[in-house]
Every structure is written in structure tokens, then in C-alpha cells.
Amino acid sequence: MSSKTYGTLENVMRFMAETGIVFPTGEIYAGKGDIAGFYTFGPMGSRLVENIKQLWRDFFIRRSKLTFEIDGSTLTPRIIWIASGHLESFWDPLVICKKCRKIYRADQLIEEILNISVEGKSIEELEEIIKKNEIKCPSCGGELGEIQKYTLMFQTNSGPLREGEEPNLVLRPETAQVIFISYKRVKSIAGKHPFGVAQIGRSYRDEISPRRGLFRLREFNQMEIEFFVLREPTCVPFSETDVNENPKKRELVESIKKQYGKVRYAPKCGTCKKCPLNNAPEFDTTLRNVQLRILTRNEQINASKEGREPKEMVMRAEDAVKNKILPNEWMAYCLAKETLFLTSLGIPKDAIRFREMLPEETPHYSAGNFDLEIRYDFGWKEAIGNAYRTDYDLTRHMKVSGAKLYEKLEGKIYIPHVIEPSFGIERILLGLIMYAYRKGEDRGYEWLALPPVLAPFKAAVLPLLMPRDFREKERELALKIWHELIDKTKYFIAYDDSGNIGRRYARQDQKGTPYCITIDAQTFSDNTVTIRFRDTKEQKRVPIDQLDKILTDLIEGKRSFNDL
RNA sequence: GCGCCGGUAGUCUAGUUGGUUAGGAUGUCGGCCUCCCAAGCCGAUGACGCGGGUUCGAAUCCCGCCCGGCGCACCA
């Protein structure tokens, strides 16, 4: 089976705009100040997104005894981004030419012109270098202004901003930090560790260049969970070599040694079952047996050295922990569950892989990042990020806020460790549409082979309207059936009596509606209607009084169309 | 942000030595016809990305901007 996408980015973005799934915000102001990186979900898209969220809730929250959902504000106090490190370390130094107003990255400009490395230099140092070496604007020779910090975060203020003050609000660039600052409250509700806190919501990043349609946006939807798990305080999630090479990690290990007199280096848990981090309670047999496709860090490095394509390994989720490919069981639990989630959305197994992030892609506090990548027509790209963030976030928020976010058990201090899966809804939507998209073959139009759970409409009711004498009777009966289905099934059901029947089937196929119910002349003699399956165009006759039951069974997968 | 390429109805497109009312197809809407897959016939609807300049006259030439694609850079 090939997992080549059925639609290309170009095709799919056009098709989605045409069918009302998603289109650029502010199209009618083209050229008058509309901006890239913002999209509006249309009538089909808002239903699709809702269905993705519902299915995710079902998978990750409803079926879990230990996961709790919150819904935080998107405007957040600035101080939490100081605590998280976002404002402290994630900015680009920009300089603007006073004369021609061109914008440059100060560090890159210096490196290019003077051919020296300026990594880790402060703003003051960079400004000093520019002054000393009399660096001018490469384009017009004009004088360069002061260096500005460009943070990629949208900032605003509540109330009037006095001169010299920093804005006090930040539009969150991720939902995660709102979870960390709610930790204490949810912990008192959850009662004990381990537990997960989930959140679905919008995040905002002022990307320099939004690209590839829905792939990189300035406003986007995330579904995130932070799992809080206690880990033995003397057991560090890094190797001894890592610790020796990194001053921040060395500091951490020194403080543990000072407090407990010993430390154990355990970057990968393997078969060690001593701590909760390697005992995920809901990692059941089904999940243990899920086959994961993993591209390890070593394989990526070796392949690039040898100038060949990197090859993924495939193994059971449980074995990936035992063989020390994944850091611990909680990580394996997340990856297995994500695989099942994405395949239930219609994304083929071999279009999904997990890539271990390279050292330069990983922050210092991370003890293992595995991106779930989907194969798009433009390459393998991240759709879900999985990070073992250790106790970094809670430690930082504890320091800055002064709140008690640790547990004291038998004289030892446990700061919960965090495993974080972070889903990008738009990236998932783009991937699943690319794989559901069909063109040519047996019909002369584009259509969507969406899984029934995702389809915006589960069925359409269509009066055939062929013989003239029956027309009004047919229409009346069709409307009656439509009302009954709506009352009895809770689904969105379409109704259409315009144009000819072929056109109406085509319109439904285009929206991905899996079943079409047609009222014809025979309906009046035996109380049956035809039901047509989108993927095969096949039809069966079923009694009207069983229609809601049959439809529900078909959508829920309790009965197959062939068995009707 | 830099470099290259592009932008005509919802969609695909004709028109670019400057010169009619910007043409076609398809969709959409209305009607006719037809017992089941964008069928056929009639009618309606709808476009030069935005702004400025050159010119008697600009979709066409020039400048700026916006949007999109690719490459570079960025991507907590």
C-alpha cells in the first residue's frame, strides 16, 4: 500500500476554499491590508474541526480516568512568560536602517560582514560591535538604529500604557503554560499523581513568514496534555556525559548530590520499574502492541554522514521502552495513542512516523523529544510534538511565583515531571484532507473519502422527484424522514431537492457525506428507501422505520454496508 | 526578511506589438424535461489582487504595496 497523498497542497487548499472548509481571513480586503497567516473555518470546516476535537476528547479524556480538561484564557499575564523562559531567551535581535528602513538580524549582519561568531552575546555587546566596526546598512549605507528584541509573541496591554512600561499582557504562544499555572488547582481536584491536564484552544505566534497554507499560521488551534508524574528525586533523566557538558545540568546534579548525597543517571528507563515514570497505568495491552515507526537521533546523524536516506525502525511500543529507544513508558503510551488517533482520522499508518529531535533542536531541559510527523506531499513534517520536559516548568513557576508545586514524601522532595503531547489541529486537518481527497477514477469531480465520524454531515435525504404525479408527495415524505432522523440520531443530516439526482449525489460526495438516502416511487408501495454508500456508489433498500438504527450502526461501525 | 516565479468570475482559462460591450467552459440560482449518479434544453448571475504613474486610451507598459508558490533564513 502506498501512502502517497491523494491531494497536493495546492489542490487541497483550493478545494478547501471552494467547499467552505477553510479560507484566508479578510479576502475581500486583498491588497488593502489583509494579512497572511490567518484563516477562517467555513461551514464545512467548523464542523470538521469540531469533530476532530470531539474525537480527541473521546480518545484522550473520556476514556481516561486520570485526565482532566481545562479551558484557559488566551490573553495571559506577562509574568508567566518570564517564568517559562519565553521572554528571557527566545528573541531575535533586529536592527532597522534609519535611512531606508530595511530590517536586519543584528547577529547575522555582524557574522556576515566581520566573519566572526557572536553566539551568546548580549544586545549591548552586539551594539558595541556594530559601533566599533562602523557597520552600516548594506543596502543604502545609512546609519543603523538601536537593536530591538523581536520575540515572536503578540503583546498588548490592559489599561493605558505609561511611557517606559512594558505591556502587561501576552497572547499565549502555546496552551501549555496556562496548564502549568493551573497545576495547583487541578491537583487538588485530581487528588493524586499521576494525572493529566488537557486543553484545547487557540495560540498565537508572530511568525516571520507564514507558509504552506494551513501549515504555518499566526493564529492556530492546539490540543495539549501535560501529564504530571512523580520521579525519584535522586534519579536524573540525563546521561553522565550530557551533565558534564552542560553547566545548567551540572548545577542541577550538584544540588541533588548536596541534598541526598547520591545521584543516579538514567536517561532511558528501559526495564527499570522502580518509579512511576516507567509505569503508565493506562498503557494497556492494545497500546503496548501498537507498532511505532521511529527515526532515532543516531540514525539521522549516521545517515547524513553517510549521505543516504535515513531509515525508520518499526517496533512494538512496549519494546521501544525496553530497548531504550524511548525514554520511558509514559512517552510510549502517548506515541501509541497518537498513532491510533491519527489512523482513526483516515491517515494511513505508513504516513506517520516519530522523529527523535536532534540535539540542536532540543532545549537543555528536555530529556527526549519525539515529533509525530505526517508525510505531506511537501515532505515529512511535524503535526504533533512530544516532549519529556522533566521538572523544568514547575520548577521555574515555583521560583517566580513562590507557590508550592512539589510533594514532600518520606522526607524527599518530588517536583512532578512532565510528559507533553501537543497536537496542531490545522496540521492534522491538512493531513487528513490530503489523504481523503479523491479525483478522477470513477467520477468526474473531486470528493472526500472522510471517515464517517469526521464527516460534517453523516447522511443526506434526497427525494428523487422523477415522475411528475409523485413530486409533492415525495418532497413531503423526504422532509418528514429528515426531521425524524434529526430527532432520533443527533447527527447533522443534509436535505437537498434541487437539480437532478446525480448532481445531488456529487455535491454530497464533495462534502464527504458517507450515506445518501433516496425516496423514490417504490417507497410508496413498500415503505423502503434506498441508501447509497459514498465510496462505492452502491445502493441497498432498507425499511423507513429502521433507518435511524441502521444509520447509527453504520456511522458507529457496528454494522457494515455490505451486511444490509 | 532576501532571491526567483506568479495573480483575469466560486473554479479552469482566452485576451500581453496598449485600442470594441474583457470571450469561453464549468459551477451557482431559476425554469423545462427525465424513475438514480455533475445527462439534455432555456434563462440569470459573476472577474482583470490593490494603489499610483505614463497615455487620447491600460488586463496589457512603469513604480510601490498585498497575497500565493519555491529556495534561503526562522520555526520555544
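All chains are named by letter (A, B, ...) in the order of the sequence lines, taking the proteins before the strands, and each is independently numbered beginning at 1. Just so we're clear, the structure is a prediction, and the values are computed from it rather than from any experiment.
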- Message: For RNA chain B, please output the secondary structure as dot-bracket, reading 5' to 3'. Pairs are Watson-Crick or G-U wobble, both atom distances under 3.5 Å; mark crossing pairs with [ ], other-strand partners with |, unpaired with a dot.
- Response: (((((((..((((.....[...))))((((((.......))))))...(((((..]....))))))))))))....
- Item | More than 12 heavy atoms of other groups within 6.0 Å of A:Lys537 NZ | yes
- Task: Tell me which nucleotide among B:A39, B:A76, B:C37 gets nearest to the side chain of A:Glu174.
- Result: B:A76
- Using a cut-off of 4.0 Å on non-hydrogen atoms, how would the nucleic acid contact of A:Gln510 be classed: base, sugar-phosphate, or nothing? base
- Task: Whole angstrom is fine here: how far is it from CH2 in A:Trp447 over to P in B:C37?
- Result: 17 Å
- Query: Is the A:Tyr392-A:His364 ring centre distance short of 6.0 angstrom?
  - Reply: yes
- Under 3.5 Å donor-acceptor, A:Arg205 side chain and A:Pro173 backbone: yes
- What integer number of Å spans the C1' atoms of B:G6 and B:G19? 27 Å
- A:Glu10 atom CD: more than 12 heavy-atom contacts under 6.0 Å: no
- Consider the side chain of A:Ala521, meaning its heavy atoms from C-beta on, and name the nucleotide among B:C36, B:G27, B:C35 that approaches it most closely. B:C35
- Distance between C1' atoms of B:G46 and B:G30 (Å, rounded): 15 Å
- Considering only the P atoms, how many Å lie between B:C42 and B:G52, rounded to the nearest integer? 43 Å
- Message: Tell me if the CG atom of A:Leu9 is crowded by more than 12 foreign heavy atoms within 6.0 Å.
- Response: yes
- Note on the structure: Of the listed B:A39, B:C37, B:C29, the closest approach to the A:Arg507 side chain comes from B:C29
- For A:Phe180 and B:A76, give me the distance from atom CZ to atom C1', rounded to whole Å. 12 Å
- Message: Heavy atoms from C-beta onward define the side chain here; which of B:A76, B:A38, B:C36 lies closest to that of A:Thr530?
- Response: B:C36
- Item | Name of the residue among A:Trp447, A:Tyr445, A:Phe15, A:Tyr6 meeting ring-ring contact (aromatic ring centres under 6.0 Å, His included) with A:Tyr437 | A:Phe15
- Could you give the distance separating B:G68 and B:A59 at their P atoms, to the nearest angstrom? 26 Å
- Item | Between B:G3 and B:A44 - P atom distance, rounded Å | 49 Å
- Rounded off to whole Å, could you give me the OH-to-P distance for the A:Tyr505 and B:C35 pair? 16 Å
- Message: Rounding to an integer number of Å, can you tell me how far A:Arg14 CZ sits from B:G6 P?
- Response: 21 Å
- Could one point to a donor on the side chain of A:Asp520 or the base of B:C35 with an acceptor on the other under 3.5 Å away? no
- Should A:Met44 and A:Arg47 count as side-chain neighbours, where that means a heavy-atom distance under 4.5 Å? no
- Task: Starting from P on B:C37, measure out to CZ on A:Arg503 and report it in whole angstrom.
- Result: 13 Å
- What nucleotide among B:A76, B:A38, B:U11 has an atom nearest to a side-chain atom of A:Pro173? B:A76
- Message: Tell me the interatomic distance from A:Asp497, atom CG, to B:C35, atom P, rounded to whole angstroms.
- Response: 19 Å
- Message: Is it the case that atom CZ in A:Phe23 sees more than 12 heavy atoms from other parts of the structure closer than 6.0 Å?
- Response: yes
- Message: Just the rounded figure in Å: distance from P of B:G46 to CD1 of A:Ile28.
- Response: 17 Å
- On a plain distance test, is the side chain of A:Tyr29 in donor-acceptor contact with the base of B:C66 below 3.5 Å? no
- Item | Cationic N near anionic O, under 4.0 Å, A:Arg78 to A:Glu166 | yes
- Message: Can you tell me how far apart CD1 (A:Ile433) and CG (A:Leu48) are? Round to the nearest 0.5 Å.
- Response: 5.0 Å
- NA contact type, A:Gln539, heavy-atom cut-off 4.0 Å: base, sugar-phosphate, or nothing? base
- Query: If you measure from the C1' atom in B:C48 to the same atom in B:A39, how many Å do you get, rounded?
  - Reply: 34 Å
- Query: Using a cut-off of 4.0 Å between protein heavy atoms and nucleotide atoms, how would you tag nucleotides 68-74 of chain B 5' to 3' with B, S and -?
  - Reply: SSBBBBB
- Message: Using ring centroids (six-membered ring only for Trp), state whether A:Phe215 and A:Phe378 fall under 6.0 Å.
- Response: yes
- Any side-chain N or O of A:Arg504 under 4.0 Å from OP1/OP2 of B:C37? no
- Message: Expressed as a whole number of angstroms, how long is the span from A:Arg218:CZ to B:C66:P?
- Response: 11 Å
